[in-house]
Number of protein chains: 2
Amino acid sequence: MPASPRITITQVAAEAGVSTATAGRVLGNYGYTSDDVAAKVQAAARKLGYKPNSLARSLVTGKSHTIGVVAADIDNAFYARVLRGIGDVARARGFGVILTNSDEDLEREKDAVQLLLEKRVDGLIVAPCDVRGSAHLRSLIAGGCPTVQIDRASYDLAADSVTVDNRGSAREAVTHLLKAGHRRIAIIAELEELHNGSLEEFVRQAAHFSTNGETLYPSWQRLQGYVDAHRDFGVPVDPGLIGRVGSYSSDAACQAATVLLQSPDRPTALFAADGTMSIGMMQAIADLDLQIPEQLSIICFDDLDWMKFTRPAITTIHQPVHRIGSMAAELLLARIAGDTSVPKHNVLEARLQVRDSVAPPRS
Amino acid sequence: MPASPRITITQVAAEAGVSTATAGRVLGNYGYTSDDVAAKVQAAARKLGYKPNSLARSLVTGKSHTIGVVAADIDNAFYARVLRGIGDVARARGFGVILTNSDEDLEREKDAVQLLLEKRVDGLIVAPCDVRGSAHLRSLIAGGCPTVQIDRASYDLAADSVTVDNRGSAREAVTHLLKAGHRRIAIIAELEELHNGSLEEFVRQAAHFSTNGETLYPSWQRLQGYVDAHRDFGVPVDPGLIGRVGSYSSDAACQAATVLLQSPDRPTALFAADGTMSIGMMQAIADLDLQIPEQLSIICFDDLDWMKFTRPAITTIHQPVHRIGSMAAELLLARIAGDTSVPKHNVLEARLQVRDSVAPPRS
DNA sequence: CAAGCTTATGAGAACGTTCGCACTTTGTCG
DNA sequence: CGACAAAGTGCGAACGTTCTCATAAGCTTG
């Protein structure tokens, strides 16, 4: 077993009695090579236990065959599955994946991008924590690094994106609740960042925003869908029913849900805007010992694996999460391969998965 | 905004009017440097938008400041959280993390290790899919690549490992059920690989195996704990209650659980050996509409986030999952830093988290 | 049969860093 | 004041590949 001494292409060449150039050609299979020489070199390589050095190769070719991923938090079912999608595509194409977490913190995101850039990744998949297209991403893209945004997207960022139709599917979900007869529907969402006005202002204007031109966080888009559905039904939106969770944690969501559910005129239905919010919401419901759907109807955005076997099973919005990752990777690899067409913004469909957590409200 | 033309240390040096060596010293901060020259170089670097090239650096130093991770499946709450632990430590120390999935397939694991090796990672964290210490891992370690095993471990592999006390905590869980009065307790576990005899043989001999010397899959160790507890109580093990799931999927687990629960003399309690098995088991229970804990008591190995708010909340074995990852990373970084002490095998404690899914069996 | 391909090989220069060495200059100590 | 260490700098050689070029042999082909 050839141990510590690293075997280089030069040594293989010496062993095979050819030049390093020739050895390089057969080992890296490029250029012309005769069969007998190839065989000799391969035999020498096997005998010596040669392992190519990607770093040297990348240094000269300028391609590292590696993509960088900046996720918010890998310990979150959504990102875990997205990453799986990315990894599957990457592996099939011989690419490595370097993973970093930003925790929705802009400084960390910058550091992460910096690290990945220094490691000379061929491209980046990022869930940007500032949706307005922060400067570092802008200069990154201007610098020619292929980039794909996932989950959220600045449309003015000149980079591809893969998202879901947050507004439309949230609208569908809330419509489902309204059709069931609910009129006091609360939403639980992380809605920290808002730059152009107050929440009330946002709700008032929500209907006028077009979906495409806007670059909003998914939570805000889902809130838009919530407002849309209310407008469709002529039901006024009560700002008191908007559970604005201050930080992205299920504990905070639990608190917000608890407050809502303990208010005197409590909502008859709850809509959780994502998986983390759902977990907090479920905890609050369990703590208060409310019966679903008799005492409370619920719908969760994002269809986590446990939602189909809780009793009752939970009605959800099912996002094609794996597909988000695989599509992002495919887009990115196409860019890396030289695709220079205009940025594509892919909006995937999410579907309402009706189960048993919605019933008419008790009068 | 300096766009495509990549700025090198040489250009920065020229701009600052010093040699590349000096520029390198200040930019890479090694060697001696005077304050005024350092300032000049830094100014030049900032002006030109210099970004160091890790590949070139790694090529000469031989250190890539990157660790490779071979997980079974990142789209699994356990590995996702482990990876988070790894990532947190790595980031704090300025290391990158390259992630690969093996899907418990030896060929994929080989490919993954090969890829990581070519990318010249400084060390490897791997959940080996063959617990007997497959040849490629052996030669990897012999080749001097620092390696840490997680979740499972070959003790004869001369590499550190981080695992949990599977046998002891499974024993504790099953003891909890036995104390509650259960005598027909089923276990649902992926128990595909078994090399030294049949399942019956294994059960017969389980009590004689020592925990430390053995290198078994977690599932098998948990089965050992199951057998241990039965022996403690003088309750014979009925092989018919061992739900041997053929493949590592929740669907397969659901099938196995369904068969068990529909048998004429059905078990009064179920023990799921890991998170994936738990999901399948819960689905089966929901499909058959069994009441927990009135009609069936359950305990799940691995405390997934939803298990505390299902009704009833589920009694579980809580593993320190994040800690497994962070400890593995710490161990690995210590090895990379030069620690050459004998391999450490860390066995972390898992604790029984008592909730409401266990009650005495109905007579 | 000379001109022009295609195939095959080697020499040597990249790629962008770090590092060993030689060379100053400055400071310190006996 | 001479010696000797320490601080600061530059030159040029690594690191392990790929890639351009030059060379040459074996073809076809008009």
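Chain letters run A, B, ... following the sequence lines, proteins first and then strands; every chain starts at 1.
- Counted by atom type alone, A/Asp88 and A/His322 present one or more donor-acceptor pairs between their side chains at under 3.5 Å.
- Whole-Å rounding puts the A/Asp36 CG to D/dG26 C1' distance at 15 Å.
- Between the CG atom of B/Leu55 and the P atom of C/dT17 there is a distance of 10 Å, rounded to whole Å.
- Between B/Thr8 and C/dG16 there is no side-chain N or O to OP1 or OP2 distance below 4.0 Å.
- One finds no side-chain N or O of B/Thr33 lying less than 4.0 angstrom from the OP1 or OP2 phosphate oxygen of D/dG8.
- Taking atom OH on B/Tyr30 and atom P on D/dT9, their separation rounds to 14 Å, with Å as the unit.
- For A/Leu48 and D/dG16, the CG to C1' distance is 15 Å, given to the nearest whole Å.
- The separation between A/Arg25 atom CZ and D/dC21 atom C1' is 11 Å, rounded to whole Å.
- Contact annotation: A/Tyr32 side-chain N/O to C/dA8 OP1/OP2 distance is not under 4.0 Å.
- Close to C/dT17, at under 4.0 Å from its OP1 or OP2, lies a side-chain N or O of B/Tyr50.
- To the nearest angstrom, P of D/dG16 lies 8 Å from CZ of B/Arg120.
- Checking A/Gln11 against A/Glu15 by side-chain atom types alone, no donor-acceptor pair falls below 3.5 Å.
- Side chains of A/Arg57 and A/Ser54: no donor on one and acceptor on the other come within 3.5 Å.
- A side-chain donor from one of B/Lys119 and A/Thr66 sits under 3.5 Å from a side-chain acceptor of the other.
- Protein atom NE2 of A/His65 is 14 Å distant from nucleotide atom C1' of D/dT17, rounded to whole Å.
- B/His136 and B/Glu109 form a side-chain donor-acceptor contact under 3.5 Å, judged by distance and modelled atom types alone.
- Comparing A/Thr20 and A/Gly31 against DNA chain C, the residue whose closest nucleotide sits nearer the 5' end is A/Gly31.
- Counting to the nearest Å, the C1' atom of C/dG16 and the CZ atom of B/Arg57 are 10 Å from each other.
- At the phosphate of C/dT9, OP1 or OP2 sits under 4.0 Å from a side-chain N or O atom of A/Ser34.
- Applying the 4.0 Å criterion to OP1 and OP2 of C/dT18, one finds that B/Thr61 has every side-chain N and O outside that range.
- When each of B/Thr22 and B/Val60 is assigned the nucleotide of DNA chain D with its nearest heavy atom, B/Thr22 is the one assigned upstream, toward the 5' end.
- Side chain of B/Ala56, nearest nucleotide from C/dT17, C/dA11, D/dT9: C/dT17.
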